[in-house]
Each structure stands twice: as C-alpha cells, then as structure tokens.
Amino acid sequence: MSTPEGSLELRRRGERSFLITIDGRILMTSDAHRSETELAQLACAAIADRPRPRILLGGLGMGFSLRAALDALPASARGTVVDLNPVVVAWCRGPLAFLTNGATTDRRVKTVVGDVARVIAAAPAASYDAIVLDLYEGPHHANNRASDPLYGRQALERAAEALTPNGVLAIWAEQPDVAFEGRLGEGFHVARHRGSRGGRSHVIYLGTRRSRRRAP
C-alpha cells in the first residue's frame with residue numbers, strides 16, 4: 001500500500017514470523033511485541049473496577065495490544081480500535097489473524113479506519129474509561145510541539161475531556177520525552193513505566209485524569 005511515507009508492506013519470514021515495513025524500514029515484528037502487551041495490560045488494570053469499561057485503542061499494528069486488552073477486559077467491555085490504513089485492518093483479519101486468535105472479530109470490538117486524533121476530538125465528554133495510543137511514532141523531539149495533533153497540549157486536553165473521571169491515557173514512546181511528560185502532567189497524574197519492545201529506553205506513559213476543580 002502506498003502512503004505519504006512510502007510503501008507499507010507485510011512480509012513473512014517464517015510460519016509465525018511477520019514484519020511490517022514502510023519504505024523498507026521495519027516498523028514492527030511479530031517476534032517482539034511485549035511492550036504492546038504491557039501497554040494494554042497497564043491500561044486495563046487501571047480500570048479494572050469499571051463494570052462495563054469502554055476503551056479506545058489508537059493503532060492496530062499486528063493486533064497484539066488489542067488481544068492483550070481483550071484478554072484483560074470483561075465480557076461487558078466495549079472497545080473501539082482505530083487505524084489509518086485499511087490494509088492493516090485487512091492483514092489483521094486475514095494472514096495475521098491466527099497470531100491473535102482473531103482479535104479484530106471479537107464481538108466487543110468495533111474497528112474504525114481513520115485518524116485517532118480526530119476520533120478523540122469528536123468524542124462526546126466521558127466516552128471512554130481508557131484511551132490507549134500504540135502508534136509506531138510516539139512522542140519525541142521531532143513532534144514535540146505544543147500544537148501536535150496527538151501529543152500537544154490541546155490534544156491532551158481533548159483526550160482528558162473524552163475520558164471518564166479517573167480515566168486513563170496510556171501512550172507508548174520510543175524514549176522518554178521530558179517536555180511531553182510535562183504537558184501530560186498538566187491534566188493527568190503521570191506514571192512512567194519501562195517498556196520491552198526491544199530498545200533499551202522504550203517507555204509507557206500512564207496518565208490518570210486529574211479531577212476537575214469546581215468553579216467557586
């Protein structure tokens with residue numbers, strides 16, 4: 001599939017070994033997905049007290065974060081997964097489906113092809129108990145703008161508005177980003193966890209929405 005960043009391709013290396021590349025650069029592999037699992041598990045553990053949790057997952061990838069969320073959530077849960085590329089959804093429903101036991105076909109899941117930033121912006125207040133951003137490009141110096149549509153100040157405010165009280169925003173990042181962490185802390189209580197995607201400094205940000213102060 002052609003994208004603005006180059007050709008997006010699925011490649012197979014073995015019976016259960018796949019990788020997704022863009023313009024020849026490896027984005028993800030089926031052999032290394034522990035941090036995707038950890039990201040979803042941390043978010044779901046934080047909302048384990050909700051009887052009918054609602055979760056928004058930005059970035060489908062190979063479906064491992066979705067599978068981990070479904071395994072952690074009750075039958076009453078509802079999840080929406082958003083990915084920009086229809087071919088990624090097709091891969092997860094087709095050649096990759098056996099890796100996640102058909103996560104995208106779970107009755108609790110609604111799949112949307114689109115921009116997760118726009119989905120968050122359009123969401124009514126208190127739509128989700130957790131928002132999980134498992135995107136191949138997390139917050140870092142190149143997108144460290146206060147106006148960034150995903151990680152900027154207004155974007156984080158929109159995410160907070162879309163969350164229920166004490167809702168959780170979980171974000172994977174390739175490395176720690178002090179400026180982003182500061183912005184996140186303006187509306188969330190922040191915990192930073194070490195990730196396991198394969199790099200020595202990958203992190204998972206877990207932000208719990210702060211209570212809003214009532215006007216006097």
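Everything numeric in this text was worked out from a predicted model, so none of it was measured. Numbering of residues begins at 1 and proceeds along the displayed sequence.
- Residues V112 and L150 are members of one and the same hydrophobic cluster, defined by side-chain heavy-atom contacts under 4.5 angstrom among Ile, Leu, Val, Met, Phe, Trp and Tyr.
- Using modelled atom types, no side-chain atom of S35 and backbone atom of E38 make a donor-acceptor pair closer than 3.5 Å.
- Tracing side-chain contacts under 4.5 Å through hydrophobic residues (I, L, V, M, F, W, Y), one reaches L99 starting from V87; they form part of the same cluster.
- Closest approach of A46 and D49 over heavy atoms only: O-OD1, 4.3 Å.
- In this structure, P95 and L10 approach most closely via the heavy-atom pair CG-CD2, 3.8 Å.
- Side chains of R50 and T164: a donor-acceptor N/O pair is present below 3.5 angstrom, by distance only.
- Shown here for A40 and A69, the closest heavy-atom pair between the two residues is CB-N, 3.8 Å.
- For D177 (side chain) and F180 (main-chain N/O), a donor-acceptor pair under 3.5 Å exists by modelled atom type.
- Residues Y128 and R78 are not in side-chain contact: their nearest non-hydrogen atoms beyond the backbone lie 4.5 Å or more apart.
- Within the 3.5 Å criterion, the main-chain N or O of L163 finds a donor-acceptor partner in the side chain of R209.
- Using the six-membered ring where Trp is involved, F64 and H33 have ring planes that are parallel, under 30° apart on the 30 and 60° scheme.
- Using a 4.5 Å heavy-atom cutoff, the side chains of V116 and L133 are in contact.
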*For V168 and D129, run side chain to side chain contact (heavy atoms under 4.5 Å, CB included): C-alpha distance rounded to whole Å, both residues' side-chain angles, the deciding distance at 0.1 Å, then the answer.*
CA-CA 6 Å; V168 171; D129 296 296; over 6 Å; no
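- Side-chain atoms of D83 come within 3.5 Å of backbone atoms of N85 as a donor-acceptor pair (strictly under, hydrogens ignored).
- In this structure Y205 satisfies the side-chain hydrogen bond (donor to acceptor under 3.5 Å, both in side chains) test together with E181, sequence neighbours excluded.
- With a 4.5 Å cut-off on side-chain heavy atoms, V119 and L56 count as touching.
- Two residues are said to be in side-chain contact when any heavy atoms from C-beta on lie closer than 4.5 Å; D23 and S7 fail this criterion.
- Remark: D31 pairs with R13, S17 by the side-chain hydrogen bond (donor to acceptor under 3.5 Å, both in side chains) rule, at least two apart or across chains.
- Using a 4.5 Å heavy-atom threshold, the side chains of L60 and T104 count as touching.
- Between the side chains of R210 and H189, a donor-acceptor pair is found at a separation under 3.5 Å.
- Atom CD of E36 sits about 12.0 Å away from atom CG of L66, to the nearest 0.5 Å.
- Side chain of S30 to backbone of F18: a donor-acceptor contact under 3.5 angstrom is found.
- Note that OG1 of T29 and CZ of R11 are 13.0 Å apart. Values are rounded to the nearest 0.5 Å.
- No donor-acceptor distance shorter than 3.5 angstrom exists from the side chain of R54 to the backbone of A130, with no hydrogens or angles considered.
- V178 and L206 fall into different hydrophobic clusters, defined by Ile, Leu, Val, Met, Phe, Trp and Tyr side-chain heavy atoms under 4.5 Å apart, directly or through other members.
- Checked by atom type and distance alone, the side chain of R67 never pairs as donor or acceptor with a backbone atom of T37 at under 3.5 Å.
- Between the side chain of R183 and the backbone N or O of Y151 there is at least one donor-acceptor pair closer than 3.5 Å.
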*Report the C-alpha distance between H193 and V203 in whole Å, list the side-chain angles of each, state the deciding distance to 0.1 Å, and finish with yes or no for side chain to side chain contact (heavy atoms under 4.5 Å, CB included).*
CA-CA 6 Å; H193 301 264; V203 298; over 6 Å; no
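- Surrounding CD of E186 are more than 12 heavy atoms belonging to other residues, nucleotides or ligands, all under 6.0 Å away.
- In the hydrophobic cluster analysis, where Ile, Leu, Val, Met, Phe, Trp and Tyr join through side-chain heavy atoms closer than 4.5 angstrom, I171 is grouped together with V190.
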_Go through it in stages, so that I can follow the logic: the residues are W91 and I20, the test is side chain to side chain contact (heavy atoms under 4.5 Å, CB included), and I'd like the CA-CA distance, side-chain angles, deciding distance and then a yes or no._
CA-CA 10 Å; W91 291 336; I20 293 177; 4.0 Å; yes
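- When all heavy atoms of A159 and I131 are compared, the pair lying nearest together is O-CD1, 3.8 Å.
- Pairing each heavy atom of P74 with each of P51, the nearest pair is CG-O, 4.3 Å.
- Using a 4.5 Å cut-off on side-chain heavy atoms (C-beta onward), L27 and T21 make no contact.
- Atoms OG and CD, from S65 and Q41 in turn, are 11.0 Å apart once rounded to the nearest 0.5 Å.
- Heavy-atom contacts from other residues, nucleotides or ligands closer than 6.0 Å to CZ of R12 number more than 12.
- The main-chain N or O of G59 is never found under 3.5 Å from a side-chain atom of D134 such that the two would form a donor-acceptor pair.
- A salt bridge links D106 with R108: the closest approach of a Lys/Arg side-chain nitrogen to an acidic carboxylate oxygen falls below 4.0 angstrom.
- Looking at L156 and L169, their side chains come closer than 4.5 Å, going by heavy atoms from C-beta outward.
- Taken to the nearest 0.5 Å, the CD1 atom of I120 stands 13.5 Å off from the CD atom of E157.
- Hydrophobic clustering, with ILVMFWY side chains joined whenever heavy atoms are under 4.5 angstrom apart, groups L8 together with Y136.
- Side-chain contact between L57 and V82 is absent, with no heavy atoms from C-beta onward closer than 4.5 Å.
- Atoms CG and OG, from N166 and S211 in turn, are 5.5 Å apart once rounded to the nearest 0.5 Å.
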*Start with the C-alpha gap between K110 and V81, add the side-chain angles, then the distance that decides, and say whether side chain to side chain contact (heavy atoms under 4.5 Å, CB included) holds.*
CA-CA 6 Å; K110 175 184 177 182; V81 59; over 6 Å; no
